[in-house]
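The block underneath contains the structure these notes are about, expressed in structure tokens.
These numbers come from the heavy atoms of this one structure, side chains and all, not from hydrogens, waters or symmetry mates. Reminder, nothing fancy here: chain letters follow the sequence lines and each chain counts from 1.
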Amino acid sequence: MGDAPLAYHEFPILGRAYFLGGRASTSVKRVLGEAGVDEGTIQRVAVACYEAEMNVVLHARSGYVAVSVYADRVELVVRDQGPGIEDVDLAMTPGWSSASEEARSLGFGAGMGLPNIKQHSDAMRVESTPGAGVCLLLTFQRGGTAHG
Amino acid sequence: MAESALITVADVARELATQVTGGEALQTPVTGAQVCDLLSHVMARGREGQVWITIQTHPNIVAVAALARLSAIVLAHGMQPEEETVMRAEDEGIPLLLSEDSAYTLAGRLYLLGVR
């Protein structure tokens, strides 16, 4: 993209730590507020970031979220070390989930994570290496709205 | 509408809850409610100021409520929050209202209270 971000932060995500889930997203939300990003954009980023964070918690060993704030947009990179996604198109299907029974009993694994992320972002790229991990790249135009 | 805009978390707590714990933001106006146990659904459909009725008790419900800017969480059916859930709710300022009533009954009582 070329231009330098106005703000950049990284937050770690621990796999399997259900009870810590949401910590990274809460931090992202806070730094966007401090950077003066509008409430609507913050809300869209918060939803997408939470879903991406919980995917790492539920499926991977560890990961991180990096947030970059630009004058016209916010970018998120969520990268993990884990099993990866075998079939990204299948994983994008609303209602499809590979979450464990334990996770489902806690209210996760509704199969809405990736669809929610797509709906709340303006551009979404999933780079999956089965057996190694997933890298999710998301762009949010500042002042934009959710899709559908 | 003017009347419903005046309903606060404190009003809901007085009407429905047998115990209030977690965050202390009780003067937040209540804009609506939802009954749901799937966290992704609440994240996607939750609206600022809503009260959330659920039987989930783990700390993640606080993260969802805070990120979706909900006004309070109501734990139905006598469900007790985990210790970590209460601590996070205190940190995030999200009140936890505990009730012996079913989610169905709670929704009905909220509706009659004027939360629409």
Side-chain angles (χ1 to χ4, degrees), chain A residues 11 13-14 16-30 32-33 39-58 65 91 94-97 99 102-121 146-148, chain B residues 21-23 25 28-29 31-32 34-77 79-94 96 103:
Chain A
F11 302 101
I13 303 170
L14 273 178
R16 307 293 163 198
Y18 293 128
F19 68 96
L20 288 178
R23 282 269 162 97
S25 301
T26 303
S27 299
V28 166
K29 190 175 177 179
R30 176 174 47 76
L32 293 181
E39 278 298 315
T41 301
I42 289 176
Q43 202 53 30
R44 292 198 299 139
V45 175
V47 171
C49 190
Y50 174 77
E51 294 288 7
E53 178 180 359
M54 287 318 300
N55 277 346
V56 176
V57 171
L58 294 170
V65 54
W96 189 90
S97 175
E102 182 197 10
R104 287 171 201 259
S105 72
L106 294 171
F108 303 109
M112 294 173 65
L114 290 174
N116 271 355
I117 292 169
K118 187 176 176 64
Q119 185 186 344
H120 287 82
S121 60
H147 305 277
Chain B
T21 181
T28 310
T31 60
Q34 62 174 313
V35 186
C36 192
D37 297 317
L38 289 177
L39 307 191
S40 283
H41 193 89
V42 177
M43 276 304 286
R45 302 284 174 226
R47 294 292 172 263
E48 184 170 5
Q50 283 182 339
V51 165
W52 173 23
I53 302 168
T54 183
I55 57 168
Q56 299 289 359
T57 59
H58 54 83
N60 227 275
I61 59 175
V62 177
V64 170
L67 289 167
R69 295 185 293 190
L70 307 182
S71 56
I73 301 169
V74 184
L75 297 185
H77 293 277
M79 302 299 284
Q80 292 293 316
E82 294 170 19
E83 203 174 314
E84 175 75 17
T85 306
V86 175
M87 286 163 54
R88 275 180 83 170
E90 288 169 355
D91 289 347
E92 297 286 346
I94 302 286
L96 300 174

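- With a 4.5 angstrom heavy-atom cutoff, Phe19(A) touches chain B via backbone and side-chain atoms both.
- Between chain A and the residues Glu82(B), Glu84(B), Glu92(B), Arg69(B), the largest count of heavy-atom pairs under 4.5 Å involves Arg69(B).
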- Quick one: do Ile94(B) and Ile73(B) satisfy side chain to side chain contact (heavy atoms under 4.5 Å, CB included)? Show the steps, please. CA-CA 7 Å; Ile94(B) 302 286; Ile73(B) 301 169; 4.0 Å; yes

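- Between Tyr18(A) and Phe108(A), the ring planes lie parallel to each other; the angle is under 30°, not in the 30° to 60° tilted range.
- No hydrogens or angles considered: a donor-acceptor pair under 3.5 Å links the side chains of Glu51(A) and Ser40(B).
- The neighbour count for Lys29(A) NZ, taken as heavy atoms of other residues, nucleotides or ligands under 6.0 Å away, is above 12.
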Item to complete: Take Ile117(A) and Leu114(A) through the test side chain to side chain contact (heavy atoms under 4.5 Å, CB included) and record every step on the way to the result.
Response: CA-CA 5 Å; Ile117(A) 292 169; Leu114(A) 290 174; 4.1 Å; yes

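- Put simply, the side chain of Arg104(A) gets close to the backbone of Ala99(A): a donor and an acceptor are under 3.5 Å apart.
- Along residues 42-50 of chain B, the residues that come nearer than 4.5 angstrom to chain A, judged on non-hydrogen atoms, are Met43(B), Ala44(B), Arg45(B) in order of number.
- Side-chain atoms of Arg16(A) do not come within 3.5 Å of backbone N or O of Val57(A) as any donor-acceptor pair.
- Looking at Leu20(A), the atoms closer than 4.5 Å to chain B (heavy atoms on both sides) all sit in the backbone: N, CA, C or O.
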